[in-house]
Amino acid sequence: MALSYYIIYKPFGVLSQFSGEGNTLGMLSDFPSDVYPVGRLDKDSEGLLLLTNDTRLNHLLLDPNYSHERTYWVQVEGEITDQALKDLESGVEISVNKKIHKTLKAKAERLKDVAGILPERDPPIRFRKNVPDSWIAITLKEGKNRQVRKMTAAVGFPTLRLVRWSLEGLSIKGFGVGDVRLLDGATLYPTLGISGKGQTSEALKKPQYQKTKKKKRY
């Protein structure tokens, strides 16, 4: 079986699936019938999503025994404080399946000049003249349901916009909203910090993308 790897910038409002009502991944490109998302992004979140038929890679990325860093760029309501960043890094208590969960240690920092890097969201975030906002980057090694949103709310700064920026060395830098790119597995594995059959565990390489044609389905 030929293995396929697609990297997409999932738009806001699109479901991380191929079936169901509303906008789905099938509207972004004519994907092979055997590829599926590795993990998911909520409908109201954006950013990096990996699609593949490589079951081994899917297992390695989703099994909590094999932790991988994923970084989110988050626009929050209010001017983030140093204490809030420290709390996010040390771990906060959130509700997961109606139980209290203390998040693992993370990385959190302020971001500047995001507007020049990230594409605009459609629809845009509602602007409120008298309410400031700020951008932060949060890097996690776990992925609970709506974890980032729950974490920022726990420290008093609700999430306004959430973008998954990277997974280990793989990022959506240079992507436009809805972009779909085909990536070779021999490059993808080391970029994700994973060694595999026929691949080396050399230092991270810059991914060599192949652009694909977009094909909308209605």
Side-chain angles (χ1 to χ4, degrees), residues 3-12 14 16 25 28-29 31 35-42 44-52 54 57-58 60-62 66-76 85 88-89 104 106-122 125 134-143 147-149 151-152 159-196 199-212 214:
L3 297 179
S4 302
Y5 307 91
Y6 293 89
I7 313 303
I8 71 172
Y9 186 127
K10 189 193 84 67
F12 175 88
V14 173
S16 297
L25 298 176
L28 301 180
S29 185
F31 295 104
V35 302
Y36 294 93
V38 178
R40 65 187 298 275
L41 283 174
D42 295 327
D44 51 356
S45 299
E46 316 159 55
L48 190 154
L49 193 62
L50 171 62
L51 279 63
T52 185
D54 185 340
L57 181 62
N58 187 83
L60 291 174
L61 290 177
L62 297 183
Y66 304 97
S67 60
H68 294 89
E69 289 190 343
R70 65 291 304 269
T71 298
Y72 299 85
W73 286 14
V74 193
Q75 185 180 18
V76 298
L85 292 173
L88 290 171
E89 290 191 324
L104 300 178
K107 299 175 185 176
E109 62 181 343
R110 291 182 180 85
L111 290 175
K112 296 181 179 179
D113 303 322
V114 172
I117 302 174
L118 274 185
E120 294 291 330
R121 200 190 82 169
D122 183 20
I125 296 295
S134 48
W135 281 91
I136 60 175
I138 301 178
T139 300
L140 307 175
K141 285 191 174 183
E142 60 179 338
Q147 179 171 340
V148 173
R149 295 178 185 277
M151 289 176 67
T152 66
T159 292
L160 300 174
R161 184 181 178 189
L162 177 59
V163 181
R164 181 154 61 194
W165 175 254
S166 65
L167 176 61
E168 290 291 341
L170 184 68
S171 81
I172 52 171
K173 183 178 181 179
F175 278 58
V177 174
D179 275 1
V180 178
R181 303 187 187 181
L182 183 63
L183 185 60
D184 179 77
T187 303
L188 179 61
Y189 265 73
T191 302
L192 294 173
I194 303 172
S195 60
Q199 284 123 7
T200 63
S201 56
E202 60 191 87
L204 300 181
K205 305 175 185 177
K206 182 178 180 180
Q208 300 300 311
Y209 295 113
Q210 299 177 40
K211 291 191 175 181
T212 64
K214 291 185 179 180

Set of residues satisfying salt bridge (charged side-chain N to carboxylate O under 4.0 Å, His left out) with respect to Arg121, sequence neighbours excluded:
none
Short question: side chain of Lys10, backbone of Leu25 - any donor-acceptor pair under 3.5 Å?
no
May I ask you to test the His68-Ile194 pair for a side-chain heavy-atom distance under 4.5 Å?
yes
After noting the C-alpha distance and the side-chain angles of Val163 and Ile172, does the key distance pass the side chain to side chain contact (heavy atoms under 4.5 Å, CB included) rule?
CA-CA 10 Å; Val163 181; Ile172 52 171; 3.9 Å; yes
Gap between atom CG of Leu88 and atom OG1 of Thr139 - 0.5 Å precision:
11.5 Å
Partners of Thr152 by side-chain hydrogen bond (donor to acceptor under 3.5 Å, both in side chains), sequence neighbours excluded?
Thr159
Heavy-atom check, side chain of Phe12 versus side chain of Asp44, under 4.5 Å:
yes
Enter the distance from Leu51:CG to Leu183:CG here, rounded to the nearest 0.5 Å.
12.5 Å
Does Arg70 have any side-chain hydrogen bond (donor to acceptor under 3.5 Å, both in side chains) partners at least two apart in sequence or in another chain, and if so, which?
none
When rounded to the nearest 0.5 angstrom, what is the spacing between CG in Leu182 and CZ in Phe31?
10.0 Å
How far apart are the C-alpha atoms of Leu57 and Leu50, what are their side-chain angles, what is the distance that settles it, and do they pass the side chain to side chain contact (heavy atoms under 4.5 Å, CB included) test?
CA-CA 10 Å; Leu57 181 62; Leu50 171 62; 4.0 Å; yes
Rounded distance (nearest 0.5 Å) linking atom CD of Gln75 with atom CG of Leu111
11.0 Å
Here the gap from Leu49 atom CG to Leu41 atom CG, rounded to the nearest 0.5 Å, amounts to 5.5 Å
Validation row: Leu28, Pro11 side chains within 4.5 angstrom (heavy atoms)
yes
I need the minimum non-hydrogen distance between Ser29 and Val180, along with the two atoms involved.
CB-CG2, 4.1 Å
Take Leu61 and Leu167 through the side chain to side chain contact (heavy atoms under 4.5 Å, CB included) test and state the conclusion after the steps.
CA-CA 10 Å; Leu61 290 177; Leu167 176 61; 4.1 Å; yes
Could you tell me which residues satisfy ring-ring contact (aromatic ring centres under 6.0 Å, His included) with Trp73, sequence neighbours excluded, listed by chain and number?
Trp165
Holding to salt bridge (charged side-chain N to carboxylate O under 4.0 Å, His left out), I want the full list of residues that pass it with Glu69, two or more places apart in sequence or in another chain.
Lys107
Determine, step by step, whether Phe175 and Arg181 satisfy the side chain to side chain contact (heavy atoms under 4.5 Å, CB included) criterion, reporting the C-alpha distance in whole Å, the side-chain angles of both residues, the deciding distance to 0.1 Å, and the verdict.
CA-CA 9 Å; Phe175 278 58; Arg181 303 187 187 181; 3.4 Å; yes
All heavy atoms of Ser4 vs all of Val35, minimum pair found to be CB-CG1, 4.1 Å
From Arg161 atom CZ to Ile125 atom CD1, the distance as rounded to the nearest 0.5 Å:
7.0 Å
Counting C-beta onward and ignoring hydrogens, is there a side-chain heavy-atom pair between Leu140 and Met151 closer than 4.5 Å?
yes
Side chains of Ser45 and Arg164: closer than 4.5 Å at any heavy-atom pair?
no
Just by modelled atom types, is the Ala186 backbone N or O under 3.5 Å from a matching donor or acceptor in the Asp184 side chain?
yes
So which atom in Leu170 and which in Thr191 form the shortest heavy-atom distance, rounded to 0.1 Å?
N-CG2, 3.6 Å
Which pair of heavy atoms, one from Thr71 and one from Ala137, lies closest together, and at what distance?
CG2-CB, 4.3 Å
I need the minimum non-hydrogen distance between Ser16 and Pro37, along with the two atoms involved.
O-CG, 3.6 Å
Decide yes or no for Leu118 and Tyr9: does some side-chain heavy atom of the first lie under 4.5 Å from some side-chain heavy atom of the second?
yes
Not counting sequence neighbours, which residues clear side-chain hydrogen bond (donor to acceptor under 3.5 Å, both in side chains) with Ser134? List them please.
none
